Amino acid sequence: MSVVPPQAPAPSPPWRPGWPWRLLDLALRVAGGVVAVVGAVATGLLELILSTVRVSGTLVGVSVPVAVLANVALSWFAHAAVGRRWAVVLPATPWFVLMGAAAIRTSEGDLLLAGDNWVGLAMIVAGAMTFAVMGFRQVLAPPPARRDG
């Protein structure tokens with residue numbers, strides 16, 4: 001038998017403690033995903049421009065290492081900013097759409113990536129393989145350690 005009178009449980013607040021921080025975290029993750037998508041479009045356009053660079057009339061493959069380095073950076077940033085393994089899809093999707101659109105001839109006959117441009121083809125292969133490797137690494141990565149408290 002206890003000598004302390006029973007106390008009523010404290011009423012729970014209408015909001016959970018820390019909800020502004022969770023909302024801020026969500027907003028930052030969404031903003032990071034948007035930055036990854038915009039970055040993929042910007043670097044994809046830069047890679048398309050660089051795929052036609054010539055020195056003394058000969059194509060140089062400057063867009064291939066740019067594609068690899070940019071796609072590694074975008075994949076890493078998307079995963080770090082969003083905090084999910086599937087985040088590599090955010091920059092990969094607009095990049096693939098942009099490269100696919102560049103390889104289709106318009107009704108006026110314009111074509112950004114021609115089949116005889118070895119740099120453009122190498123850029124697409126290298127960029128696609130980069131996104132594939134980065135996505136595969138995320139799938140195989142061990143789950144992050146949980147920190148409670």
Side-chain angles (χ1 to χ4, degrees), residues 10-149:
S12 63
W15 49 271
R16 293 182 291 178
W19 70 270
W21 298 112
R22 283 193 293 274
L23 187 61
L24 178 64
D25 181 59
L26 177 65
L28 288 174
R29 288 174 190 258
V30 169
V34 170
V35 168
V37 169
V38 171
V41 171
T43 59
L45 290 173
L46 176 67
E47 293 160 15
L48 286 172
I49 291 169
L50 293 176
S51 69
T52 59
V53 171
R54 295 177 183 267
V55 174
S56 299
T58 304
L59 282 170
V60 292
V62 70
S63 67
V64 177
V66 169
V68 171
L69 294 174
N71 292 354
V72 166
L74 286 167
S75 299
W76 172 83
F77 175 78
H79 175 68
V82 176
R84 301 285 186 250
R85 292 180 183 214
W86 57 263
V88 71
V89 173
L90 292 174
T93 302
W95 189 87
F96 280 115
V97 168
L98 187 61
M99 293 303 146
I104 296 174
R105 188 175 303 275
T106 64
S107 59
E108 292 85 15
D110 298 331
L111 185 63
L112 293 176
L113 286 177
D116 60 350
N117 182 349
W118 70 268
V119 176
L121 298 175
M123 177 189 65
I124 290 174
V125 170
M129 288 302 296
T130 302
F131 277 126
V133 167
M134 294 301 287
F136 190 67
R137 287 189 64 206
Q138 290 303 322
V139 168
L140 291 181
R146 294 196 54 155
R147 296 184 198 159
D148 295 330

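Being a predicted model, the structure only gives us computed values, none of them experimental. The residues of the chain are indexed from 1 along the displayed sequence.
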Nearest 0.5 Å, what's the [atom1]-[atom2] distance between [X] and [Y]?
X	Y	atom1	atom2	value
S63	L46	OG	CG	9.0 Å
I104	L111	CD1	CG	9.5 Å
M99	M123	CE	CE	4.0 Å
E47	I124	CD	CD1	10.0 Å
L48	N117	CG	CG	10.0 Å
L74	H79	CG	NE2	14.5 Å

Is the backbone of L90 close enough, under 3.5 Å, to the side chain of T93 for a donor and an acceptor to pair up by distance?
no

Mind listing the closest non-hydrogen atom pair of [X] and [Y] along with its distance?
X	Y	value
V62	L50	CG1-O, 3.7 Å
A81	G32	CB-CA, 3.7 Å
S51	L59	O-CD2, 3.7 Å
T130	A126	OG1-O, 2.7 Å
R85	V139	NH1-O, 3.2 Å

Which residues pass the side chain to side chain contact (heavy atoms under 4.5 Å, CB included) test with V60, not counting sequence neighbours?
V53, V55

According to the ring pair (Phe, Tyr, Trp, His ring centres under 6.0 Å) rule, which pairs have a member within residues 24-61, sequence neighbours left out?
none

Residues 84-142 vs ring pair (Phe, Tyr, Trp, His ring centres under 6.0 Å), sequence neighbours excluded, gives W95-F131

